[in-house]
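Just so you know, residue 1 is the first one in the sequence shown, and it goes up from there. The model shown is predicted, which means the values in this text are computed figures rather than measured ones. Every heavy atom of this structure was used, including side-chain atoms; hydrogens, water molecules and symmetry mates were not.
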Amino acid sequence: QVQLVESGGGLVQPGGSLRLSCAASGSIFSINVMGWYRQTPGNERDLVADITNGGSTNYADSVKGRFTISRDNAKNTVSLQMNSLKPEDTAVYYCYAGRGRYYSGSYVPDYWGQGTQVTVSS
């Protein structure tokens, strides 16, 4: 099993920045990819960004150029730097970790964090 603990959510004004972090523990040897999804009420979780052990990254079109994902393999953490935030970025952000299975164009999440709220509002 892998445990994921997120931090860094909160309230920010449009145009502002936030940094989310996620720390993994447990059977981390099994993890090949980590990333972030987000979810708004009544909608499915959508991929925001992810990064493999080798450093390959993938971003949703809606966040390209504004968000940056990074990973510290030594510390088993993944971070999401979010700049130029917009009200439509408001959501609960979930950290995920995957063993590397790939299905229908995306890595399959095997583990989830508890979620952290990001609210972009003036």
Side-chain angles (χ1 to χ4, degrees):
Q1 286 292 323
V2 172
Q3 294 76 45
L4 301 172
V5 179
E6 301 131 335
S7 60
L11 172 65
V12 64
Q13 293 186 342
S17 298
L18 276 178
R19 185 176 180 87
L20 305 182
S21 294
C22 175
S25 61
S27 302
I28 55 177
F29 61 88
S30 65
I31 297 173
N32 286 292
V33 59
M34 296 182 72
W36 297 88
Y37 276 68
R38 66 186 180 186
Q39 186 174 27
T40 54
N43 294 307
E44 295 183 351
R45 289 185 190 183
D46 293 322
L47 177 67
V48 177
D50 54 25
I51 183 168
T52 67
N53 284 1
S56 296
T57 59
N58 179 47
Y59 294 92
D61 287 343
S62 60
V63 306
K64 284 181 180 177
R66 300 188 298 122
F67 291 11
T68 302
I69 191 168
S70 60
R71 189 164 169 184
D72 186 333
N73 289 329
K75 295 182 179 180
N76 302 311
T77 59
V78 62
S79 298
L80 186 69
Q81 178 65 41
M82 305 185 293
N83 298 328
S84 303
L85 283 160
K86 305 175 181 180
E88 50 264 43
D89 295 316
T90 296
V92 178
Y93 284 69
Y94 294 91
C95 175
Y96 91 89
R99 294 192 290 268
R101 295 177 296 152
Y102 201 76
Y103 178 77
S104 192
S106 299
Y107 286 104
V108 176
D110 292 296
Y111 306 100
W112 293 100
Q114 78 281 3
T116 185
Q117 177 70 46
V118 171
T119 302
V120 184
S121 174
S122 55

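Note: Phe67 CZ to Thr57 OG1 = 14.5 Å, rounded to the nearest 0.5 Å. Rounding to the nearest 0.5 Å gives a distance of 4.5 Å between CD of Gln3 and OG of Ser25. In this structure, Tyr111 OH and Ser30 OG are separated by 4.5 Å, a value rounded to the nearest 0.5 Å. Distance check: Met82 CE to Asp89 CG gives 7.5 Å after rounding to the nearest 0.5 Å.
The shortest heavy-atom contact between Val78 and Cys95 is CG1-SG, 4.0 Å. Closest of all the heavy-atom pairs between Trp36 and Leu20 is CH2-CB, 3.6 Å. Between Thr40 and Thr90, the closest heavy-atom pair is CG2-O, 3.2 Å. The two atoms that bring Glu6 and Gly115 nearest to each other are OE1-N, 2.5 Å, heavy atoms only. Across Ala24 and Leu4, no two heavy atoms sit closer than the pair CB-CD2, 3.6 Å. Closest approach of Pro14 to Ser121, counting heavy atoms only: CD-C, 3.6 Å.
Ring geometry for Tyr37 versus Trp112: interplanar angle over 60°, hence perpendicular rather than tilted (30 to 60°).
No donor-acceptor distance shorter than 3.5 angstrom exists from the side chain of Asn58 to the backbone of Ala49, with no hydrogens or angles considered. With hydrogens and angles disregarded, a donor-acceptor distance shorter than 3.5 Å links the side chain of Asn53 to the backbone of Ile31. Not one N or O on the side chain of Arg38 forms a donor-acceptor pair closer than 3.5 Å with the backbone of Asp46. Side chain of Tyr103 to main chain of Ser106: no donor-acceptor pair is present (N/O by atom type, distance under 3.5 Å, no hydrogens or angles).
Between Tyr107 and Asn32 the shortest side-chain heavy-atom distance does not fall below 4.5 Å.
Ion pairing of Lys64 with Asp61 is present here, as a side-chain N (NZ or NE/NH1/NH2) and a carboxylate O approach within less than 4.0 Å.
By the salt bridge (Lys or Arg N to Asp or Glu O under 4.0 Å) test, Lys75 is found to be paired with no residue, residues two or more places apart in sequence or in another chain being considered.
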Worked verdict on Asp110 versus Arg99 for salt bridge (charged side-chain N to carboxylate O under 4.0 Å, His left out):
CA-CA 7 Å; Asp110 292 296; Arg99 294 192 290 268; 3.3 Å; yes
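Hydrophobic clustering keeps Val63 apart from Tyr94 (ILVMFWY residues linked when any side-chain heavy atoms are closer than 4.5 Å, directly or through intermediates).
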